[in-house]
Engineer: 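A single structure is presented below for examination.
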Amino acid sequence: MREHLQLPIFETLSNLAQQYNIEIYVIGGYVRDRLMKRPFKDDIDILVIGSGIDFAEKVGNHLNTKVSVFKNFGTAMLRHDGIDIEFVGARKESYRRDSRKPIVENGTLEDDQKRRDFTVNAMALSLNKHNFGELLDPFNGVKDIQIRTIRTPLEPEATFSDDPLRMMRAIRFASQLQFKISSPTFNAIKSQRERIKIISKERITDELNKIICSKKPSIGFTYLFDTGLLELIFPLMTQLYGVEIIDGKGHKDNFYHTLEVLDNIAELTDDLWLRWAAILHDIAKPATKRFDKKQGWTFHGHEDRGARMVPKIFAELKLPLNDKMKFVQKLVLLHLRPIVLAKDIVTDSAVRRLLFEAGDDIDSLMKLCHADVTTKNEYKRKKYRENFELVKQRIKDVEERDQIRNWQPPVSGEDIMKSFNLQPGPEVGIIKKAIREAILEGEIKNNREEALLFMKEKGKELGLATHQP
């Protein structure tokens, strides 16, 4: 296994460990990712038999590098050659029922490997001179990598009861690595799911975001749903599940449709917030679902209702309530608009309005709408996608000609007040809105000259006299 220890830092650590007669190992994600031939993520965990902090300070002195010490966790970290290296002393842990904070004691390598969350994260590579590069894999992590399985080193019920966040981590790793979760591990998550309630929303959402950022997020969401965790951490999403049939008419399962849209968008972008827009684009469908004998199932206004739900959802999940939330809200509100354009004859006026409302987020909106086409009918899918290309081209043409994206009115409220010698009042707003509508409808060009002429005409209609200075 020496080929996995070619980085110069490993030889440095090995030499220092020998100099101070300390036993050390590389453990966890680095070992797993090397064995899986995954890209190196610039972070390494070093397990020290003894004090991780003391050894980290010795390494820091040798490398003349600052060491960050986290006494509460018994860990220390330093950065060298662009690599974050974390040092932790080997330990064994026990838990109280009402807390995920362990009672920690010093331990052996074996103790430390037993406390690890999953077999694929419990493998260690020796950095000690007498067996440098030897793989220590007491729980068959290599085999689990080969069969692409997430499994706990010890009895899974106890593992998840002790630290319920590990249930989210199991699903996150399954999603990131595209592994399956072993049956005993899956059943333990199901039986221990209520324990997730002792975990803070922030920690849960951090794992949820990592699932959303994985290459195929539907793997993680399917596990969250099937284990019952999703019902506890994000119940609104589970309400999308199911198909209702009346008079032989059914609607699509909006839960699995949402997962398909999420996977589609994941192929187009790594943007977490665009992926959240995919998750929430139909979130109000259960609340707006109605059955009409002629039309069948309808979800009228679900885009508007969904947009109004976004701030509360973000607040409950402890997601940021800033421009990221507003971006998601805007995309949920507008997600049907390009689809409607793609179905109908595209008018310049409709395109101008879309550009006016979407602004710089128009490209993200078009990606979301492209992802939202999940029909299994190949002819319909092809037709939608072709129409989208036409809409995209029309958007480009109209934008180049009319410059509506992030539109600023060519005539300001101050201009209107000066022209008609007005104080702030309703007439100013009426004229401003009329100018905007005239530009969006294509009645006048988006320039100051035409807007001023239109302003004067509109003022006359309202009985206002142009002020002569």
Engineer: Applying salt bridge (Lys or Arg N to Asp or Glu O under 4.0 Å), run through K41 and D33 and close with a yes or a no.
Structural biologist: CA-CA 9 Å; K41 289 199 187 78; D33 289 344; 3.5 Å; yes
Engineer: Check for a donor-acceptor pair, side chain of D292 on one end and backbone N or O of G296 on the other, with a separation under 3.5 Å.
Structural biologist: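 Here the side-chain-to-backbone pair does not exist.
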Engineer: Please determine whether a side-chain nitrogen of the Lys or Arg among D54 and K58 lies less than 4.0 Å from a carboxylate oxygen of the Asp or Glu.
Structural biologist: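 Salt bridge between D54 and K58, a charged N being under 4.0 Å from a carboxylate O: no.
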Engineer: One pair to check against salt bridge (Lys or Arg N to Asp or Glu O under 4.0 Å): R275 and D270. What are the steps and the verdict?
Structural biologist: CA-CA 8 Å; R275 292 182 182 206; D270 292 331; 3.6 Å; yes
Engineer: Walk me through whether F87 and T75 qualify under side-chain contact (heavy atoms from CB on, under 4.5 Å).
Structural biologist: CA-CA 6 Å; F87 299 83; T75 64; over 6 Å; no
Engineer: Between OG1 of T205 and CD of E316, what distance do you get to the nearest 0.5 Å?
Structural biologist: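 Result: 10.5 Å between the selected atoms.
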Engineer: Does the ring centre of F221 sit less than 6.0 Å away from the ring centre of F234?
Structural biologist: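 For F234 and F221, the ring centres are not under 6.0 Å apart.
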Engineer: Do you see a donor-acceptor pair shorter than 3.5 Å between the side chains of S126 and N131?
Structural biologist: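 Per modelled atom types, S126 and N131 side chains form a pair under 3.5 Å.
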Engineer: Would you tell me whether K129 and N15 have side-chain atoms, one donor and one acceptor, within less than 3.5 Å of each other?
Structural biologist: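 A pair is found: one side chain offers a donor N or O, the other an acceptor, under 3.5 Å apart.
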Engineer: Between R203 and D206, does any NZ, NE, NH1 or NH2 come within less than 4.0 Å of an OD or OE carboxylate oxygen?
Structural biologist: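 No, D206 and R203 are not salt-bridged.
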Engineer: In the structure I gave you, are the side-chain heavy atoms of I150 and F186 within less than 4.5 Å of one another anywhere?
Structural biologist: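 Not in contact.
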Engineer: If only atom types and distance count, is the side chain of R193 paired as donor or acceptor with the main-chain N or O of K190 below 3.5 Å?
Structural biologist: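 Looks like yes, one N/O pair under 3.5 Å.
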Engineer: Between Y241 and F225, does the ring centre distance come in under 6.0 Å?
Structural biologist: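 Close enough - the centres of the two rings lie under 6.0 Å apart.
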Engineer: With heavy-atom distances below 4.5 Å as the criterion, would you say the side chains of V261 and H281 are in contact?
Structural biologist: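 Side chain of V261 against side chain of H281, heavy atoms only: contact under 4.5 Å found.
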Engineer: Are the ring centres of Y20 and F55 closer than 6.0 Å?
Structural biologist: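 Ring centroids of Y20 and F55 are no less than 6.0 Å from each other.
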Engineer: Nearest 0.5 Å please: distance from the CG atom of N264 over to the NE2 atom of H257.
Structural biologist: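 Reported to 0.5 Å precision, the distance equals 9.0 Å.
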Engineer: Pair T108, D111 - check side chain to side chain donor-acceptor pair (under 3.5 Å), show working.
Structural biologist: CA-CA 5 Å; T108 62; D111 289 329; 3.2 Å; yes
Engineer: Indicate yes or no: at least one non-hydrogen side-chain atom of H302 is less than 4.5 angstrom from one of H335.
Structural biologist: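 Side-chain contact under 4.5 Å: yes.
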Engineer: Assess the pair Y30 and H4: is the distance between their ring centroids shorter than 6.0 Å?
Structural biologist: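 No.
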Engineer: Are P8 and F10 close enough that some pair of their side-chain heavy atoms sits under 4.5 Å apart?
Structural biologist: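 Counting from C-beta outward, P8 and F10 never come under 4.5 Å.
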Engineer: State, with a plain yes or no, whether a side-chain heavy atom of P286 is found less than 4.5 Å away from one of L240.
Structural biologist: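 Yes, close enough: below the 4.5 Å cut-off.
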Engineer: Working to the nearest 0.5 angstrom, can you tell me the gap between L229 CG and E194 CD?
Structural biologist: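 One gets 9.5 Å once the value is rounded to the nearest 0.5 Å.
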Engineer: Can R337 and E303 be counted as an ion pair, charged N to O under 4.0 angstrom?
Structural biologist: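 No salt bridge links R337 with E303.
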Engineer: Which residue is it: R151, R169, R166? I am looking for the one with a salt bridge (Lys or Arg N to Asp or Glu O under 4.0 Å) to D117.
Structural biologist: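 Among R151, R169, R166, the one that satisfies the salt bridge (Lys or Arg N to Asp or Glu O under 4.0 Å) with D117 is R169.
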Engineer: Atom CD of E134 and atom OH of Y25: how far apart are they, to the nearest 0.5 Å?
Structural biologist: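 Result: 8.0 Å between the selected atoms.
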Engineer: Determine whether the side chains of T119 and D144 contain a donor N or O and an acceptor N or O closer than 3.5 Å.
Structural biologist: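 Yes - a donor-acceptor pair under 3.5 Å links their side chains.
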Engineer: Got a donor-acceptor contact below 3.5 angstrom from the T159 side chain to the E155 backbone?
Structural biologist: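 A pair under 3.5 Å: yes.
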Engineer: Measure the spacing between CD1 of I279 and CG of L208 and express it to the nearest 0.5 Å.
Structural biologist: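 Between atom CD1 of I279 and atom CG of L208 there are 6.5 Å.
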Engineer: For K285 and D282, what are the C-alpha separation, side-chain angles and deciding distance, and is it a salt bridge (Lys or Arg N to Asp or Glu O under 4.0 Å)?
Structural biologist: CA-CA 5 Å; K285 276 196 167 177; D282 280 347; 3.5 Å; yes
Engineer: So does I49 get a backbone contact from the side chain of E23, meaning a donor-acceptor N/O pair under 3.5 Å?
Structural biologist: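 Not confirmed, E23 side chain does not pair with I49 backbone.
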Engineer: Between E357 and R353, is there a side-chain N and carboxylate O pair less than 4.0 Å apart?
Structural biologist: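 Salt bridge between E357 and R353, a charged N being under 4.0 Å from a carboxylate O: no.
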Engineer: Do D363 and K367 meet the salt-bridge criterion of a basic N to acidic O distance under 4.0 Å?
Structural biologist: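 Salt bridge absent between K367 and D363.
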Engineer: Mind checking whether V31 and L135 have side chains closer than 4.5 Å, heavy atoms only?
Structural biologist: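 Answer yes - side chains close enough.
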Engineer: From Y223 OH over to I189 CD1, what is the distance, rounded to the nearest 0.5 angstrom?
Structural biologist: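 Reported value, rounded in 0.5 Å steps: 8.5 Å.
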Engineer: Within the side chain of K215, is there an N or O that forms a donor-acceptor pair under 3.5 Å with the backbone of S175?
Structural biologist: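 Not a single qualifying donor-acceptor pair exists.
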Engineer: Can you check whether I24 reaches L47 side chain to side chain, under 4.5 Å on heavy atoms?
Structural biologist: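 The answer is no, as the side chains (C-beta and beyond) never meet within the 4.5 Å cut-off.
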Engineer: Please check if the side chain of S14 supplies one atom and the backbone of N128 the other of a donor-acceptor pair under 3.5 Å.
Structural biologist: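 No, S14 side chain to N128 backbone: no donor-acceptor pair under 3.5 Å.
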Engineer: In sequence, state the C-alpha distance, the side-chain angles, and the governing distance for D43 and I83, and then conclude on side-chain contact (heavy atoms from CB on, under 4.5 Å).
Structural biologist: CA-CA 5 Å; D43 64 320; I83 301 168; 5.8 Å; no
Engineer: Look at the side chain of N140 and the backbone N and O of K143, then say whether any donor-acceptor pair between them is shorter than 3.5 Å.
Structural biologist: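 Side chain of N140 to backbone of K143, a donor-acceptor pair under 3.5 Å: no, none is there.
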Engineer: Stepwise, does the salt bridge (Lys or Arg N to Asp or Glu O under 4.0 Å) test hold for K114 with E110?
Structural biologist: CA-CA 6 Å; K114 279 179 184 174; E110 187 185 356; 3.7 Å; yes
Engineer: A side-chain contact here means heavy atoms from C-beta on lying under 4.5 Å apart; do R148 and K180 qualify?
Structural biologist: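 Side chain of R148 against side chain of K180, heavy atoms only: no contact under 4.5 Å found.
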Engineer: In this structure, is the centre-to-centre distance between the rings of W297 and F291 below 6.0 Å?
Structural biologist: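 Here the rings of W297 and F291 have centres that are less than 6.0 Å from each other.
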Engineer: Please check if the side chain of T222 supplies one atom and the backbone of S218 the other of a donor-acceptor pair under 3.5 Å.
Structural biologist: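 Side chain of T222 to backbone of S218, a donor-acceptor pair under 3.5 Å: yes, one is there.
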Engineer: Without swapping roles, check the side chain of D271 against the backbone of W273 for a donor-acceptor pair under 3.5 Å.
Structural biologist: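 Yes; judged by distance alone, with no hydrogens or angles, the pair exists.
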Engineer: Treating R195 as the side-chain partner and I199 as the backbone partner, does any N or O pair qualify as donor plus acceptor under 3.5 Å?
Structural biologist: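 Such a contact is absent between R195 side chain and I199 backbone.
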Engineer: Looking at every non-hydrogen atom in both residues, tell me the closest pair between V67 and G60 and how far apart they are.
Structural biologist: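 Smallest interatomic distance, heavy atoms only, reads CG2-CA, 3.7 Å.
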Engineer: Between S214 and Q176, is any side-chain donor less than 3.5 angstrom from a side-chain acceptor?
Structural biologist: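 There is no such pair between these side chains.
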